[in-house]
Amino acid sequence: MKYLGLEISKLRAELGMSQKELANNICTQSTISRIEAGEVYPAIDTLLKIALKLQVPVEYFIEMLFHKNVLESEQLIKEIEYHLKEHNYKKVISIIKQNKTVSDNIWLNLYLEHILHTARYKLKIIGPEECILELKNILNFSNQTTIQFRFLHIKIYNTIANVYSETGEGKKSLYYYNKILKEHMHKNYTDHKVYETLITVLFNKCKVLYDLQDFDAALETANQGIQKSKETSYVFLVGKFLYYKAQCLEKKGTSFIEIKEVYNQALFFFEFLELPFYISAIKQNKQQYLD
């Protein structure tokens, strides 16, 4: 109910529609409010009318209603994502193999398949070409309403772009980063989890542009990432955006004072977020700019 409600609320907001307008000729405004809050399931005829007004196939919502064992799935995803952050890919593969046949949750199987191919690539069990091919197969042969649930398609496109970037094909990676940002960055989502993914895509794009020595575009992307982080209160990448911004300013021959200010801002966020690797890196490599 929670995710169904969030999705209805998100789609309604994207269309600039109020709860009262959505409820008109369907049900009461209070019913829409309770559905969006995840307090009640809508009747199937109500769900159909909501889908028509929100301009999506009703199957898009029905898919969510058939996801079983939601709490167990959430715990599984949290466990996997914890080990991904620790780069413990062997553990990730082990967990996925134990949970690979969740036959009543199509979306979860697609999620697990995406992560499995990524982990295998990171461990060099498969090469970049095979990894990209498998990820594209998920996108091409999956029900589109299912693959879009919880923005899984965005995450898969981002992984494809990352693999291209890591293999020196920066222009191909930029194609996918730009595809994601063009389709989603301008939209107003009520589920702010999507902005964490989109801001990560912005950061990945910034790195690739810097590596390609397109410092003007990298600087513009860094500033966009900083602004979007402020708007969404997702500050985890602000320090890294600032670090790349300062590096771009260096390459562009900006004044020492301006560069110094940005590096010090980056250090502040690294210390605030307790990121020892980045604190050490900035102190070792950019000491001349630090207070």
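Not measured: the values here are computed from a predicted model. Positions are given from 1 along the sequence. FYI, side chains are in, hydrogens and waters are out, and symmetry mates aren't considered; it's all heavy atoms of this structure.
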Could you check Ile95 against Leu112 for side chain to side chain contact (heavy atoms under 4.5 Å, CB included), going step by step and ending with a plain yes or no? CA-CA 10 Å; Ile95 295 170; Leu112 294 177; over 6 Å; no
If you apply the rule side chain to side chain contact (heavy atoms under 4.5 Å, CB included), what do you find for His117 with Ile138, and how did you get there? CA-CA 11 Å; His117 295 314; Ile138 297 174; 4.0 Å; yes
Test log, rule side chain to side chain contact (heavy atoms under 4.5 Å, CB included), inputs Ile80 and Tyr111: CA-CA 11 Å; Ile80 287 173; Tyr111 167 84; 3.8 Å; yes
I would like to know whether Ile8 and Ile32 meet side chain to side chain contact (heavy atoms under 4.5 Å, CB included); could you show each step before the answer? CA-CA 9 Å; Ile8 290 172; Ile32 293 294; 5.5 Å; no
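Side-chain contact between Ile35 and Leu47 is absent, with no heavy-atom pair separated by less than 4.5 Å. The closest side-chain heavy-atom distance from Lys136 to Tyr157 is not below 4.5 Å. Side chains of Phe256 and Glu250 form no contact here, defined as non-hydrogen atoms less than 4.5 Å apart. When side chains are defined from C-beta on, Leu202 does not count as touching Leu237, because their heavy atoms never get closer than 4.5 Å. Inter-residue side-chain proximity for Ile115 and Ile93 is flagged as unmet; no heavy-atom pair is nearer than 4.5 Å. Counting heavy atoms from C-beta outward, Tyr177 and Thr221 have side chains that stay 4.5 Å or more apart. For the pair Met185/Gln224, a side-chain contact is recorded, criterion being any heavy-atom separation below 4.5 Å from C-beta on. Contact check for Leu219 versus Leu209: no side-chain heavy atoms found under the 4.5 Å cut-off.
For the residue pair Ser30/Ser33, the side-chain donor-acceptor check at 3.5 Å is not satisfied. In this model, no donor atom of one side chain and acceptor atom of the other lie less than 3.5 Å apart for Glu79 and Gln75.
Using a distance-only test at 3.5 Å, with no hydrogens or angles considered, no donor-acceptor pair links the side chain of Ser9 to the main chain of Leu6. Looking at Ser280, its side chain never comes within 3.5 Å of a backbone N or O of Phe277 through a donor-acceptor pair.
Taking each heavy atom of His153 and Gln148 in turn, the nearest pair found is ND1-CA, 3.5 Å. Scanning both residues, Thr254 and Glu258, for their nearest heavy atoms gives CG2-OE1, 2.9 Å. Closest heavy-atom contact between Ile282 and Tyr263: CD1-O, 3.4 Å. Taking each heavy atom of Met17 and Lys53 in turn, the nearest pair found is CE-O, 3.9 Å. The nearest pair of heavy atoms linking Ile199 to Ser229 is CG2-OG, 3.7 Å. Across Thr159 and His114, no two heavy atoms sit closer than the pair OG1-NE2, 2.9 Å.
Using a 30° and 60° split on the angle between ring planes, Phe272 and Phe269 fall in the perpendicular class, above 60°.
Legend: side-chain hydrogen bond (donor to acceptor under 3.5 Å, both in side chains) pairs involving residues 123-135, not counting sequence neighbours: none detected. Sequence neighbours left out, the pairs with a member in residues 204-217 that pass side-chain hydrogen bond (donor to acceptor under 3.5 Å, both in side chains) are Asn158-Asn204, Asn162-Asn204, Asn178-Lys205, Asp216-Lys252. Every pair tested for ring-ring contact (aromatic ring centres under 6.0 Å, His included) that includes a residue from residues 15-39 fails, sequence neighbours excluded, so the list is empty.
Salt bridge status for Glu36 with Arg12: present, with a side-chain N to carboxylate O gap under 4.0 Å. Taking the charged nitrogens against the carboxylate oxygens, Lys78 and Glu81 have no contact shorter than 4.0 Å, which rules out a salt bridge.
Using a 4.5 Å cut-off between side-chain heavy atoms of Ile, Leu, Val, Met, Phe, Trp and Tyr, with links allowed through other members, Leu133 and Tyr176 fall into different hydrophobic clusters.
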Only pairs under 3.5 Å count here: list side-chain donor-acceptor contacts from residues 240-247, not counting sequence neighbours, and write none if there are none.
residue: Lys240; atom: NZ; partner: Tyr278; partner atom: OH; Å: 3.2
residue: Lys245; atom: NZ; partner: Asn223; partner atom: OD1; Å: 3.2

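A search for side chain to side chain donor-acceptor pair (under 3.5 Å) contacts involving Glu183 returns Lys179, not counting sequence neighbours. Contacts of Lys230 classified as side chain to side chain donor-acceptor pair (under 3.5 Å), with partners at least two apart in sequence or in another chain: none.
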